[in-house]
Structure formats: C-alpha cells, structure tokens
Amino acid sequence: MSRKTIPYFVYALLLFNSLAARAQKVIELEGRAGVSIRGLSVVNDRLLWVSGSQGTVGRSTNGGASFNWLTVKGHEKRDFRDIEAFDAVTAVIMAVDSPGIILRTFDGGASWQEVYRDSRSGIFLDAMSFYKDKAGVVIGDPVEGQFVLLQTGDGGRTWHKPAVAGSNPPVEGEAFFAASGSNIQALKKGRYLYASGGTRSRLFTPGAVFDLPLLQGGSTTGANSLAIRFPNRKNGGKYWVVAGGDFTKDTVRSGNIAITRNGGLNWTPASVPPFGYRSSVAFIRGQKMISCGISGVDISRDGGISWTNISTTGYHVCQRAKKGRAVYLAGGNGRIGKLVW
Ligand SMILES: *[C@@H]1O[C@H](CO)[C@@H](O)[C@H](O)[C@H]1NC(C)=O
C-alpha cells in the first residue's frame, strides 16, 4: 500500500464504522422520573430488573414495554446501586452508604430479607457480580486500610469474607465507583476481577495487580466498569476492557477505555475513544461492544479499539441479557433505554 492511500483507507474505514453504527439506536422506554437508576440486571430478552435511589426497584417481564415499580419498605431513603436478578421472582439488591446492606427477595419484590449488614463507620458497598447465579461477590471502599470484599456461595442468601482478604491493600485515596455495578466481574467461583479509581486506577486479578492507562489522580477519576470478552473461557479469555474517565469532565475523550488481550500484562488505550467519560461497558456479541455515560452512548465493532457515538442522551449502565441478545440501558431521572441492533 502506498503512503498516499493510507489516509483514504482509514477515512473509508471510519466512515464505514460510523454508518454501520448509525444503524443502531437507543429507544427510550417508559421509566421512573425522579429516580437515579444504576442497578440493572437483564435475565433474558423479556425479563429485566432495575434498582436505584429512593428505595426503588423496577421489574419488567415484557421486554420493557411496562414496568412494575416498588419502594422497598423501611428503606425508602436508600440508594440501591446494584441488583442481580436470577428469575422473575428472585433478586438481590445492594445499598451504598452506611450501613452497608444487602437484601434479597424470592417473591418478585413483595418482601425483602436483609441478608447482610455492616455498620462500621466508612462502609460503602459499590458493586456486585455473580457467576452462574450462585457464586457472588461484592466490593466496597476501604475500611480500616483494606478493601471490603464479601462472597456468597448460595445465590446471596448468606455472605462471608473471602478466606484470603487484604493481600492487596489500597493506596491512599484509592477506592471504587458505585456507578454501574460493573467494576467487579466474577470469573468463576472465588475468582474475580475488580477495577479501582481515585488516586490510582488499578485492576486486581486473582494473581496480580495492574496499573490501568485511564485518567486517575483525583477523587472523580478512574475505572468505572469492566467487560469480559469470553465469559465461558478460563480467565475470560484474558481479553478484558475497562471503561472510566472523569465524571466531572464527562466529554473528555481520553483515558476512558483500556484493553488487554493477555490478562492485564499489556494495555492499549482505544485508538478512537468513546465521546467522553463512560460509566459502563459491555460486550454484546463477538467483537461488538456498547459503552455509556452521562454524555452519551457509543458502539464499537472491533473489541473496543474504535468507537462511534449513537446518542448524546446520558445513561449510567448498559447490559446485554445473560440469556439472550437484548441490550438495555438505565440512567438518571429514571431513564430506561433499549438498543435496537
Ligand atoms: C456525537 O457526538 C457529537 C459531539 O457531542 C454530537 O455533535 C453528535 O450529534 C453525536 N452523534 C450522535 C449520533 O448522537
């Protein structure tokens, strides 16, 4: 290829990517005005649960055409930043701030049992992830010099501290964002990846800790979300994508995506990054990905290397169905969206 043709080739590729991405759009569903939604759990194409501020939980059994909304009794002021649903009647929700609590329902949200409580000062649970509906993990900001980690082996009925905790202490000012419930991902029982932010942004893996090439150094910077390319392969195929940035500079297009294909040894920033800070990132099929944040929604067709924006409407969280292909989004002012793709 001659030097001269390279720019045209790149231009054509970008144009093609952009046209291909435009075929995809987010349609807005009926949401819940006044509630900030950051918890999203898409069980299958028709069944999804959401959770958020003011003790709110919503559930749709018809692909988002309508939602049943409820306020968790006795927890009307709590912000449920993450939810994991297993079917139409069973789900676990996690509240941020103090006391740290985890609740579970087995009757579609009619009643909730408190399955965990931590009243230590400074407790702040951030995110939750499950492997095959039974093995779950929760991370929280450091208390007494250690990250908070909790595990369950029975689908969230009981929680305990992992056998080996605190081998990787945080640095001063390093914590987690409770932005989308996706900065921790369970790889299998007892093995998980989680990504920090603040003064440092690092990825913690079962064997090692890696520095991430994301914006960091302040209290609003760092990793917010983590996506695994091959959830059924050992260590997710070692292909992981981390999203973040600085939520106070939500349109800055740098330091917001990092990709590794070898389990964290080497990291590549996106060559055409998403249009700003991104609080959530997910693989949707093959190399196709979605990311979202308060400044909009982007699509990648090449495993996170280049991104095209498809909307400037903000969402906090995006996720593909655990069993299915539907992709839903949720965000501020109770907004709920569905990706048409
Ligand atoms: C992509 O982002 C730019 C800059 O914010 C904006 O002008 C444009 O309308 C966006 N495109 C879409 C499809 O939303």
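Small disclaimer: the values here were computed from a predicted structure and weren't measured. Excluded from the calculations below are hydrogen atoms, water molecules and symmetry mates; all remaining heavy atoms, backbone and side chain alike, are included. Counting starts at 1 for both ligands and their atoms, in listed order.
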Visitor: Measure up the Y194 and F147 rings against each other and bin them: parallel (under 30°), tilted (30 to 60°), perpendicular (over 60°).
Guide: perpendicular
Visitor: So which of N309, D298, I310 gets nearest to atom 2 (O) of ligand 1, if we judge by its closest heavy atom?
Guide: N309
Visitor: Side-chain donor-acceptor contacts of residues 330-341 below 3.5 Å, not counting sequence neighbours, with atom names and distances?
Guide:
unit_1: N333; atom_1: OD1; unit_2: G34; atom_2: N; d: 2.7
unit_1: R335; atom_1: NH1; unit_2: G314; atom_2: O; d: 2.8
unit_1: K338; atom_1: NZ; unit_2: Y328; atom_2: OH; d: 3.3
unit_1: W341; atom_1: NE1; unit_2: R325; atom_2: O; d: 3.4

Visitor: Can a donor-acceptor pair be found between the side chains of S306 and R301 at a distance below 3.5 Å?
Guide: no
Visitor: With heavy atoms of S311 as the reference, note each atom of ligand 1 found under 4.0 Å away.
Guide: 14 (O)
Visitor: Would you say the side-chain atoms of R229 pair up with the backbone N or O of R261, donor to acceptor, closer than 3.5 Å?
Guide: no
Visitor: Give the atoms of ligand 1, by number and element, whose distance to some non-hydrogen atom of T312 is under 4.0 Å.
Guide: 10 (C), 14 (O)
